[in-house]
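Below is one structure, written out as structure tokens; comments come after it.
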Amino acid sequence: MLADLKYVLKIADEGSFAVPAFNVYNMETVMGIIKAAEMKKAPVIIQSYSRLFTSGNADYLAPIVLEAAGKASIPVCFHLDHGASMAEVVKAIRCGCTGIMIDASALPVEENIRITSDAVRICGYAGIPVEGEIGHVGSVKDDMMSPFTQVAEAVNFAESAGVAAMAIHVGTAHGRYKKEPKLDISRIREIHDAVGPFLVLHGGSGIPDDQIREAIAAGIRKVNIGTDVCYAFLDRVFETSRELVAIDLFMKDAIDSVAEFAASRIDLLGAGGK
Ligand code: 13P
């Protein structure tokens with residue numbers, strides 16, 4: 001069933017686990033994620049980067065996700081990831097998203113709050129819960145990490161912006177880590193104890209399992225996983241024989257590879273059977 005962001009995160013909060021939020025790009029990645037979620041009986045978030053909404057890819061992808069979610073026996077949220085501006089937010093509403101992220105985290109805090117509040121107001125008219133970001137989770141390619149999210153700024157953001165969920169910067173980055181990340185677990189716990197919105201961990205690919213478990217125990221309720229979905233899919237595509245010309249048959253193993261990977265993350269996040 002299609003469910004909204006708040007619905008799936010509430011289940012996670014009540015069960016003290018985290019919902020995996022997998023970034024998808026095409027029908028095959030959606031098929032792999034749904035296969036794993038059904039197999040594990042897990043709530044799941046299927047999300048796409050803002051770029052896919054700008055480029056028009058989401059016009060094709062959204063009906064696939066919505067159809068898959070509608071048929072699924074488990075709750076599936078369709079989420080805009082890192083919404084870059086109000087243009088993408090409105091596009092995501094039109095595409096049927098049931099969760100929307102607006103990311104103004106690279107801007108000064110007051111501007112971040114203003115833009116995020118605007119998105120919350122507009123999405124509120126459509127009944128869609130919003131994720132914001134306070135503190136800026138960068139990329140593994142950045143020369144330097146931004147400062148980690150302060151507890152006080154997290155409290156101010158939660159109270160002022162009215163978000164349902166908030167991404168915080170506690171030592172992760174987007175992409176494949178060059179060296180092992182070291183998450184600030186006590187900071188997660190302090191922020192969790194101080195704010196109402198559900199906490200989101202970005203940059204979920206390649207974080208050591210024990211740190212993921214500790215982050216969830218400290219209060220993380222959504223873990224974003226993008227890069228490793230791409231590798232699960234592409235590595236298998238590159239291994240697939242060129243003798244297989246019919247594209248549906250060619251894609252079969254790559255779909256299974258995504259499903260296998262997604263199932264392993266569902267287990268790690270404790271989302272199976274929930
Ligand atoms: P990774 O690509 O590092 O898994 O990060 C995904 C993410 O945080 C999407 O918002």
Side-chain angles (χ1 to χ4, degrees), residues 5 8-9 18-26 29-30 32-33 36 44-54 57-58 61 65 77-85 88-89 92 97 99-106 112 116 119 129-142 145-146 148-149 163-183 188 197-209 211-212 215-216 220-235 257-258 261-266 268-269 271:
L5 182 68
V8 292
L9 294 184
V19 180
F22 296 109
N23 286 78
V24 298
Y25 295 83
N26 57 5
T29 41
V30 174
I33 302 301
V44 73
I45 297 167
I46 290 186
Q47 61 186 15
S48 277
Y49 283 118
S50 196
R51 183 179 74 239
L52 282 85
F53 289 81
T54 320
N57 289 33
L61 193 52
V65 176
C77 167
F78 178 34
H79 189 65
L80 164 66
D81 190 25
H82 290 288
S85 75
E88 286 79 10
V89 166
C97 282
I100 286 180
M101 179 186 187
I102 179 83
D103 180 4
S105 63
N112 184 0
T116 306
V130 171
E131 173 185 341
E133 179 166 324
I134 182 71
H136 179 63
V137 182
S139 156
V140 293
K141 293 182 190 139
D142 296 345
M145 257 192 186
S146 306
F148 288 6
T149 307
V163 290
M166 52 199 259
I168 51 173
H169 180 30
V170 289
T172 60
H174 297 94
R176 208 160 236 200
Y177 294 101
K178 291 176 200 125
K179 71 176 195 354
E180 195 176 290
K182 177 86 194 76
L183 271 57
I188 298 173
F198 302 113
L199 298 184
V200 182
L201 190 69
H202 282 239
S205 297
I207 300 172
D209 290 1
Q211 291 195 50
I212 292 264
I216 295 170
I220 290 292
R221 295 294 169 251
K222 172 177 183 266
V223 177
N224 285 12
I225 304 163
T227 303
D228 280 349
V229 174
C230 294
Y231 281 112
F233 180 76
L234 291 174
D235 285 351
S257 171
V258 169
F261 168 71
S264 76
R265 297 303 90 180
I266 288 169
L268 175 62
L269 270 51

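Just follow the structure's listing: the first ligand is 1, and inside any ligand the first atom is 1.
The distance criterion of under 3.5 Å between nitrogen or oxygen atoms is not met by Asp228 with respect to ligand 1.
From the protein, the heavy atom lying nearest to atom 7 (C) of ligand 1 is His174 CD2, 3.3 Å. Looking at atom 6 (C) of ligand 1, its nearest protein heavy atom turns out to be Gly226 N, 3.5 Å. Looking only at protein heavy atoms, the nearest one to atom 10 (O) of ligand 1 is Asp81 OD2, 2.6 Å.
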Worksheet entry | Residues Glu88, His82; criterion side-chain hydrogen bond (donor to acceptor under 3.5 Å, both in side chains); working and verdict | CA-CA 9 Å; Glu88 286 79 10; His82 290 288; over 6 Å; no
Item to complete: Check step by step if side-chain hydrogen bond (donor to acceptor under 3.5 Å, both in side chains) holds for His136 and Ser105.
Response: CA-CA 5 Å; His136 179 63; Ser105 63; 2.8 Å; yes
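Counting the atoms of ligand 1 from 1 in the order shown, those under 4.0 Å from a heavy atom of His202 are 8 (O), 10 (O). Close approach of ligand 1 to Asn224 (heavy-atom distance below 4.0 Å) involves ligand atoms 4 (O), 6 (C), 7 (C), 8 (O), 9 (C), 10 (O). In summary, the atoms of ligand 1 found under 4.0 Å from a heavy atom of Thr227, numbered by their order in the structure, are 1 (P), 2 (O), 3 (O), 4 (O). Close approach of ligand 1 to Ala173 is summarised as follows: ligand atoms under 4.0 Å from at least one heavy atom of the residue are 3 (O).
Only the side chain of His82 comes within 4.0 Å of ligand 1, counting heavy atoms alone; its backbone N, CA, C and O stay farther away. Only the side chain of Asn23 comes within 4.0 Å of ligand 1, counting heavy atoms alone; its backbone N, CA, C and O stay farther away.
Looking at every heavy atom in both residues, His169 comes nearest to Thr149 through N-OG1, 2.7 Å. Residue Lys222 comes nearest to Ala18 through the heavy atom pair N-CB, 4.1 Å, listed as atom of the first residue, atom of the second, then distance.
Atom 8 (O) of ligand 1 has its nearest heavy-atom neighbour, among Gly175, Ala167, Gly203, in Gly203. Closest heavy-atom approach to atom 4 (O) of ligand 1 among the candidates Ser48, Ser205, Ser50: Ser205.
Of the possible polar contacts, none joining the Asp235 side chain to the Ala232 backbone as a donor-acceptor pair under 3.5 Å is found.
Checked for salt-bridge contact, Arg51 and Asp81 miss the test: no charged N lies under 4.0 Å from a carboxylate O. Using a 4.0 Å cut-off between a side-chain N of Lys or Arg and a carboxylate O of Asp or Glu, Asp228 and Arg176 qualify as a salt bridge.
No more than 12 heavy atoms of other residues, nucleotides or ligands sit less than 6.0 Å from atom OH of Tyr231.
Ligand 1 has at least one atom lying under 4.0 Å from a heavy atom of Ile225. Contact analysis leaves Gly206 out of contact with ligand 1, as no non-hydrogen atom separation drops below 4.0 angstrom.
Here the side chains of Tyr177 and Thr172 are in contact, with some heavy-atom distance below 4.5 Å.
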